[in-house]
Novice: 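The structure follows.
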Amino acid sequence: MGTPTYADLAAARNLLTDLLPPTPSWHYPVLDAAVGAEVWIKHENAQPVGAFKVRGGLTLLASFDDEQRANGVVAASTGNHAQSIAYAAAHFGAPCTIVMPENANPIKAAAVRALGARLVLEGERFDDCRLVAARIGEETGAYYVDSGDEPALIAGVGTATIELLERAPDIAALFVPVGSGTGAAGAALAAAELAPNCRVIGVQSAQAPAAHDSWRGGELVDRPNRTIIEGVSTAKPFALPQRIMRELLHDFLLVDDADIRAAQRMLLTSAHTMAEGAGAAALAGLWSVREQYAGRRVAVICSGGNASEAELADVLRA
Ligand SMILES: *Cc1c(COP(=O)(O)O)cnc(C)c1O
């Protein structure tokens, strides 16, 4: 498996200009005052499917030839990876199968069906669905799109950081949420090229620390997955993003699920922004170390906004 380089991100960036307008990057006076720093938010919650992953899906499908497109794609996901691949497949006219757990969130299942994908509800948890999706790929010839070990996804999602750094240079630190690690790996590749003095800092839930513990320890380890934050809910680390993060990530923080809920609330009340839990994790990470960045310019990737009604009710009760 090839490791993506900055040249792959630059190529993805060119390709995506025709497919997705740049998302906004702003900072907000009330949030700046609360944190005590100038906090730029990269608004990936403003993507057509509500999350940054669509950059990766489009980049991957754009690289397919006609035969590969005709064979189609298959992916496993509890949410945003599914919508990214289904959206890209619809755009390029490729058949798409998505595997979700039997108890999948009905709103996310409906979103995938609305994008025209075939939905297979099989498996108890995400890790079971991955096996089902890989099997369907072998049986049908469809390309199995892994949610982490896929270079095109890393190159694609890294373009969010290119856009951000063009708008907001001289950032002291960029905070990125981590599940499989594609987002953080892409951000680190972009920053290493465009803003080598910017610290890139991963943030994961302390209730599902597989990527964090693997990064710190230098070997891939599984960990219990007890987080309620869907987009960063993984029990296993992914080899390719781990390799890139090991080389280029400057630090990696753990935050509690309750701190993530508090950060979601802060985005709602101080930045006019509806984030899902994973989309607020980066701000929770910044909040935990805010004294270190007092008075400086920093940035957080608001990776997604697909919060269910129940989740929003939880945020407002917190
Ligand atoms: C997938 C996802 C993440 C985590 O990204 P990885 O590339 O898997 O580390 C964070 N936020 C949202 C909204 C996501 O959908």
Side-chain angles (χ1 to χ4, degrees), residues 4 23 41-57 59-60 75-87 105 108 111-112 126-127 130 145-161 174-190 200-205 208-212 214-215 225 227-245 249 252-253 255 257 260 263-264 267 273-285 300-308 311:
T23 58
I41 298 179
K42 180 58 173 162
H43 278 292
E44 293 297 292
N45 55 311
Q47 291 286 8
V49 295
F52 76 110
K53 285 195 178 68
V54 67
R55 296 173 182 271
T59 301
L60 175 69
S77 169
T78 54
N80 291 337
H81 177 52
Q83 289 193 53
S84 155
I85 300 305
Y87 181 92
N105 177 337
K108 294 190 169 172
V112 162
F126 170 63
D127 296 298
R130 279 179 83 190
V145 190
D146 193 74
S147 61
D149 288 332
E150 175 56 68
L153 298 190
I154 294 174
V157 298
T159 61
T161 298
L174 168 62
F175 295 78
V176 191
V178 178
S180 69
T182 66
L189 283 163
V200 182
I201 300 174
V203 184
Q204 190 167 44
S205 164
H212 168 274
S214 298
W215 183 80
N225 174 6
T227 181
I228 57 169
I229 308 300
E230 263 177 22
V232 293
S233 169
T234 42
K236 289 182 182 302
F238 288 74
L240 177 61
Q242 279 288 334
R243 211 156 66 218
I244 297 166
M245 289 193 291
L249 206 63
F252 204 143
L253 305 171
V255 292
D257 284 0
I260 293 175
Q264 277 179 280
L267 284 169
T273 298
M274 188 180 97
E276 63 184 279
L283 179 60
V300 297
I301 305 242
C302 179
S303 51
N306 289 322
S308 67
E311 180 176 350

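The analysis underlying the following values was restricted to heavy atoms, covering all of them including side chains, and did not include hydrogens, waters or symmetry mates. For ligands, and for the atoms within them, numbers begin at 1 and follow the listed sequence. Since the model is a prediction, treat every value here as computed from it, not as a measurement.
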Novice: Can you say whether the rings of H212 and F252 are parallel (under 30°), tilted (30 to 60°) or perpendicular (over 60°)?
Specialist: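 Geometry flag for F252 against H212: perpendicular rings.
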
Novice: As an exercise, state the distance from CG of L253 to CZ of F175, rounded to the nearest 0.5 Å.
Specialist: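 Going from the CG atom of L253 to the CZ atom of F175 covers 6.5 Å.
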
Novice: With side chains defined as the heavy atoms from C-beta onward, is the minimum distance between S233 and F126 less than 4.5 Å?
Specialist: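 When only atoms from C-beta onward are counted, F126 and S233 do not touch, as no gap falls below 4.5 Å.
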
Novice: Taking non-hydrogen atoms within less than 4.0 Å of ligand 1, which protein residues qualify?
Specialist: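 If the criterion is a heavy atom under 4.0 Å, then ligand 1 touches F52, K53, N80, P177, V178, G179, S180, G181, T182, G183, G231, E276, A278, S303, G304.
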
Novice: Report yes or no: do N80 and E276 form a side-chain donor-acceptor pair below 3.5 Å?
Specialist: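 There is such a pair (donor and acceptor under 3.5 Å, judged by atom type) between the side chains of N80 and E276.
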
Novice: Out of curiosity, C302 SG to H43 NE2, how far, rounded to the nearest 0.5 Å?
Specialist: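 NE2 of H43 is found 6.5 Å from SG of C302.
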
Novice: Which atom names give the shortest non-hydrogen contact between T182 and V157, and what distance separates them?
Specialist: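 Minimum heavy-atom contact is O-CG2, 3.5 Å.
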
